[in-house]
Visitor: 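The structure follows.
The figures that follow rest on heavy atoms only: side chains count, while hydrogens, waters and symmetry mates do not. All chains are named by letter (A, B, ...) in the order of the sequence lines, taking the proteins before the strands, and each is independently numbered beginning at 1.
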Amino acid sequence: MKSQLAELLAQAVAVLKTQAVIPADLEPRIQLENTRDKAHGDLASNLAMMLAKPAGKKPRDLAELIVQAIPENNLVTKVEIAGPGFINFFLSSASTTSIVQNVLAQAEKYGHNESGEGRKVQVEFVSANPTGPLHIGHGRGAAVGDSICRLLAATGWDVTREFYYNDAGQQINNLALSVQARAKGLTPEDPSWPDDGYRGDYIIELAESFMKGETVSAADQEFTGTGNADDLDAIRKFAVAYLRHEQDLDLKAFDVNFDVYFLESSLYKDGKVEEAVQTLIENGYTYEDGGALWLRTTDFGDDKDRVMRKTDGGYTYFVPDVAYHLNKWQRGFVNVINEQGADHHSTITRVRAGLQALNKGIPEGWPSYVLHQMVTVMRGGEEVKISKRAGSYLTLRDLIDEVGCDATRFFLAARKADSQLTFDIDLARSQSADNPVYYIQYAHARVCSIFRKLKSENLSWDKEQAQASLSKLELESEKEIMVKIGRFPEVVNLAASNHEPHVIANYLRDLAGDFHAWYNNEKTLVEDTELRNARLALAEAVRIVINNGLDLLGVSAPAEM
RNA sequence: GCGCCCGUAGCUCAAUUGGAUAGAGCAUCGGCCUUCUAAGCCGAGGGUUGCAGGUUCAAUCCCUGCCGGGUGCGCCA
């Protein structure tokens, strides 16, 4: 719709160029925007205001000339010049009803497109350390990351979802030591409790399971507890497998799946870390100082150089990260999006610097990142402090159990990632009816209910019949809904290209509102067959859009509530 | 001190990448169930978009400087 109208405007510009009203060498960008106020029509262009200066005319006068130069068409019924020089277009009935036809024809594909052209994109998200259950921050990453994947897939990308396990660092030692301490009956209050030990209760369960000789299996590994509290290596392996298994369950409960689980330890095992370090040394970006090996990250915009290899011979955390991202690049992922918590944002400069220093032709600014800000959890009007080490814990699974998967996902994805989010458990739990996700799902269920009613009254409806009757949709409220669902593909594109799932949530809230209002004011199952068929078509179109939109958020669209 | 994010109604958040009179929900107040699901609808009140400048036809959005909140700044990960 928009592109067709833009084409008409382009033609008008061409005409005015031949009349020398507009300088011939000017190539204006035709902008059409959706109006906020329906008094301004359905679509508006600022063309006249942008061209006023080069044309040497007043915006409104120029707008007049542009309008006169627009070719005959059946898209719009009225064109108005308003305000400082806006050109407002009022869509014709033929235009709006064609939207409904389009939605019904494309059904679950409506809103999708092929602009990604099947190109590969990798999205890395969650990537929690296997040192504890997933908490609400991981939940935000999971909800946002998974939704970005769904958006990219819907716009024609070949998406790979990847989870990176930091299973090789110092934190794993701390984990093993903590489990060992519990296995030996120590508590965090004990003087010999490990310095950076994990204090959560789940460590107790883990230790018990190990001592009992239970077998745990995660995606690609399995390990049986030996029951020997002195065997730290066995404890380490068991603990990692155990917690990965727990995280698998968390993700399953959240309906988030990954294509690839990448182990940091494999980078060491395969010599990839060493390889990357050698390359950096050969490329001359390193130096020794104080017994450590440094990377000259300041050559790439960092504010100070960074240690790569400590005096104890171990690598700092970002070195395997560089090796890991080189691996992504070598797997052919020209497009990589990393979704992670904003508290780790300082790694971005380092990883990118390391990749540049490798001289492998990796573009500056690769990979791209989506950072989500912190989630504050409120309960009983007070902030719930979450700390693995302190032991106070609210897991993602607790939350899903309390609030439900749909509401949790919606809530965590419905806000812009780069602003902090407050998750009020009491609100989400005790007043679940007030949760916005139900409002949208309810609209979907209501449409389904209408069709059930139709059936129970032995009436029927089909797409073909409806096509001929759409001109019966004459109400202003109906036109508004048609225009709104006509914008859905554009909203999907915007959300996908900006990696902003929350845009979908806002759109759905808005559409559901229009639908509920219409539903309350106008009866769908009326005597007049043509009008009934037309309204059923509109209701079905709304249902399709809500279904498709909720799917992009990973939220279900129930037929009954 | 330096980097990044944020600051919009009492609260939680939007605002179609610079558009026209800044919008929703919750909360408050008043109406609507004999009618396709009241998890709904209709109406009312609620704002100097943190402050001060700048850029232009037009600024919540871009630039500069302040103020406030968050987060990061280790040979931790």
Side-chain angles (χ1 to χ4, degrees), chain A residues 31 33-37 39-40 44 46 48-50 52-53 58-59 82-86 88 129 131 166 168-172 174 196 264 289-294 302-304 306-318 320-321 341-349 371-374 376 414-424 427 431-439 441-443 445-454 456-457 487 490-491 494-495 498 502-503 505-507 509-510 512-513 515-526 535-536 539 560-561:
Chain A
Q31 291 183 61
E33 61 195 22
N34 303 316
T35 54
R36 239 176 252 183
D37 185 340
H40 300 145
N46 58 2
M49 291 181 289
M50 294 182 63
K53 198 172 262 183
K58 287 179 188 169
F86 287 103
N88 294 337
N129 291 345
T131 53
N166 285 101
Q170 181 59 32
Q171 80 282 4
I172 298 296
N174 291 339
D196 291 315
E264 181 191 8
D289 186 38
L293 183 68
W294 295 70
D302 205 352
D303 55 353
K304 51 183 154 184
R306 305 290 168 177
V307 169
M308 290 173 61
R309 191 170 57 218
K310 299 178 277 182
T311 47
D312 70 4
Y315 292 114
T316 53
Y317 71 94
F318 85 94
D321 248 19
D343 53 340
H344 289 99
H345 87 272
S346 63
T347 69
I348 296 174
T349 313
L371 303 178
H372 64 259
Q373 295 288 328
M374 283 188 57
T376 308
R415 279 160 178 70
K416 199 157 54 179
D418 56 11
S419 62
Q420 290 167 45
L421 184 155
T422 304
F423 199 111
D424 188 331
L427 185 76
Q431 304 184 325
S432 62
D434 292 332
N435 212 306
V437 66
Y438 294 110
Y439 184 82
Q441 290 180 321
Y442 188 44
R446 272 184 153 175
V447 176
C448 294
S449 174
I450 295 173
F451 278 90
R452 280 194 295 272
K453 179 78 174 174
L454 177 81
S456 75
E457 290 183 1
R487 291 176 187 172
E490 185 188 328
V491 172
L494 192 75
N498 291 348
H502 77 280
V503 169
N506 291 332
Y507 169 84
R509 181 67 184 71
D510 191 32
F515 171 78
H516 283 307
W518 178 63
Y519 176 94
N520 270 276
N521 287 325
E522 317 299 337
K523 198 167 157 61
T524 306
L525 301 179
V526 290
R535 286 190 174 160
L536 283 167
E560 260 179 288
M561 289 177 74

Visitor: Out of curiosity, A:Arg415 CZ to A:Phe423 CZ, how far, rounded to the nearest 0.5 Å?
Guide: 9.0 Å

Visitor: Sub-3.5 Å donor-acceptor pair from the side chain of A:Thr316 to the main-chain atoms of A:Val307, do we have one?
Guide: yes

Visitor: Would you mind classifying the nucleic acid contact of A:Glu457 as base, sugar-phosphate or nothing, using non-hydrogen atoms under 4.0 angstrom?
Guide: nothing

Visitor: Among B:G40, B:A77, B:G74, which nucleotide sits nearest the side chain of A:Lys304?
Guide: B:G74

Visitor: If you round to the nearest 0.5 Å, how far is CG of A:Leu371 from CG of A:Asp418?
Guide: 8.5 Å

Visitor: Describe the nucleic acid contact of A:Arg452 in one word from base, sugar-phosphate, nothing, applying a heavy-atom distance below 4.0 Å.
Guide: base

Visitor: B:G43 and B:C36: how far apart are their P atoms, nearest whole angstrom?
Guide: 22 Å

Visitor: Say you pick atom P in B:G10 and the same atom in B:G47; how far apart are they, in whole Å?
Guide: 7 Å

Visitor: For the CG atom of A:Leu421 and the NE2 atom of A:His372, what is their distance to the nearest 0.5 Å?
Guide: 9.5 Å

Visitor: Give A:Asp321 one of three labels, base, sugar-phosphate or nothing, depending on what nucleic acid heavy atoms sit under 4.0 Å from its own.
Guide: nothing

Visitor: Answer with base, sugar-phosphate or nothing: what part of the nucleic acid does A:His345 contact at a heavy-atom distance below 4.0 Å?
Guide: base

Visitor: If I pick the C1' atom on B:C32 and the same atom on B:U48, what distance separates them, to the nearest angstrom?
Guide: 38 Å

Visitor: Could you tell me how far apart A:Phe515 (CZ) and B:A24 (C1') are, to the nearest whole angstrom?
Guide: 19 Å

Visitor: Write down the distance separating the P atoms in B:C76 and B:U8, rounded off to the nearest Å.
Guide: 39 Å

Visitor: Can you find a pair of side-chain heavy atoms, one from A:Arg452 and one from A:Ser456, that are under 4.5 Å apart?
Guide: no

Visitor: With a non-hydrogen cut-off below 4.0 angstrom, is A:Gly314 in contact with a base, only sugar-phosphate, or nothing?
Guide: nothing

Visitor: In whole angstrom, give the distance that lies between atom NE2 of A:His372 and atom C1' of B:C6.
Guide: 15 Å

Visitor: Please measure how far the P atom in B:C75 lies from the corresponding atom in B:C5, and state the result in whole Å.
Guide: 25 Å

Visitor: Sticking with atom P, work out how far B:U55 lies from B:C61, rounded to a whole angstrom.
Guide: 15 Å

Visitor: Pick base, sugar-phosphate or nothing for A:Ser346, based on heavy-atom distances below 4.0 Å to the nucleic acid.
Guide: sugar-phosphate

Visitor: In whole Å, what is the span from the CZ atom of A:Arg309 to the P atom of B:C76?
Guide: 15 Å

Visitor: Is the closest side-chain heavy-atom distance between A:Arg306 and A:Phe318 below 4.5 Å?
Guide: yes

Visitor: Of the nucleotides B:C76, B:C41, B:C75, which one has an atom closest to the side chain of A:Ala517?
Guide: B:C41

Visitor: For the side chain of A:Gln171, starting at C-beta, report the closest nucleotide among B:C41, B:C5, B:A77.
Guide: B:A77

Visitor: Any non-hydrogen side-chain atom of A:Asn166 less than 4.5 Å from a side-chain atom of A:Gln171?
Guide: yes

Visitor: Please classify the glycosidic conformation of B:C33 as syn (within 90° of 0) or anti (everything else).
Guide: syn

Visitor: Quick one: A:Asp302 CG to B:G74 P, roughly how many Å, whole number?
Guide: 11 Å

Visitor: Give the dot-bracket line for RNA chain B from 5' end to 3' end: parentheses for intra-strand Watson-Crick or G-U pairs under 3.5 Å, square brackets for crossings, | for inter-strand pairing, dots for unpaired.
Guide: (((((((..((((.....[...)))).(((((.......))))).....(((((..]....))))))))))))....

Visitor: Map A:Asp343 and A:Arg509 onto RNA chain B by nearest heavy atom, then report which one ends up closer to the 5' terminus.
Guide: A:Arg509

Visitor: What is the distance from atom CH2 of A:Trp294 to atom CE of A:Met308, rounded to the nearest 0.5 Å?
Guide: 12.0 Å

Visitor: Check the pair A:Asn34, A:Glu490 against side chain to side chain donor-acceptor pair (under 3.5 Å), reporting the backbone distance first and the verdict last.
Guide: CA-CA 11 Å; A:Asn34 303 316; A:Glu490 185 188 328; 3.1 Å; yes

Visitor: Taking protein heavy atoms under 4.0 Å as touching, what does nucleotides 10-20 of chain B look like 5' to 3' if B marks base contact, S marks sugar-phosphate-only contact and - marks none?
Guide: --SSSSBB-BB

Visitor: For B:U17, does the O4'-C1'-N9-C4 or O4'-C1'-N1-C2 angle fall within 90° of 0, making it syn, or is it anti?
Guide: syn

Visitor: So how far is it from A:Phe451 CZ to A:Leu525 CG, rounded to the nearest 0.5 Å?
Guide: 8.5 Å

Visitor: Got a second to check how far A:Gln170's CD is from A:Asp196's CG, nearest 0.5 Å?
Guide: 8.0 Å

Visitor: Using the rule side-chain contact (heavy atoms from CB on, under 4.5 Å), only one of A:Met561, A:His516, A:Glu560 pairs with A:Arg446; which is it?
Guide: A:His516

Visitor: Quick one: A:Asp418 CG to B:G69 C1', roughly how many Å, whole number?
Guide: 15 Å

Visitor: From C-beta outward on A:Met374, which listed nucleotide comes closest to its side chain: B:U71, B:C6, B:G40?
Guide: B:U71

Visitor: Grab the NE2-C1' distance between A:His344 and B:C73 for me, whole Å please.
Guide: 13 Å

Visitor: Work out how far the P atom of B:G54 is from that of B:C41, and round it to whole angstrom.
Guide: 45 Å

Visitor: Taking atom P in both B:C62 and B:G69, compute the distance separating them and give it to the nearest angstrom.
Guide: 22 Å

Visitor: Atom pairs, N/O to N/O, protein against nucleotides 34-36 of chain B, distance under 3.5 Å?
Guide:
from	atom 1	to	atom 2	distance (Å)
B:U35	O2'	A:Lys523	NZ	3.4
B:C36	O2	A:Thr524	N	3.4
B:C36	O2	A:Leu525	N	3.2
B:C36	N3	A:Thr524	N	3.0
B:C36	N4	A:Tyr519	O	2.5
B:C36	N4	A:Glu522	O	2.6

Visitor: NA contact type, A:Ala52, heavy-atom cut-off 4.0 Å: base, sugar-phosphate, or nothing?
Guide: nothing

Visitor: Expressed as a whole number of angstroms, how long is the span from A:Met308:CE to B:G74:P?
Guide: 18 Å

Visitor: Is there a side-chain contact between A:Ile450 and A:Leu536 in this structure, where contact means two heavy atoms from C-beta onward sitting under 4.5 Å apart?
Guide: yes

Visitor: Which atom names give the shortest non-hydrogen contact between A:Gly513 and A:Tyr439, and what distance separates them?
Guide: CA-OH, 3.0 Å

Visitor: How many Å lie between CG on A:Asp424 and P on B:G25, as a whole number?
Guide: 19 Å

Visitor: Closest approach to the side chain of A:Tyr442, judged atom by atom: which nucleotide of B:A39, B:C75, B:G72 is it?
Guide: B:A39

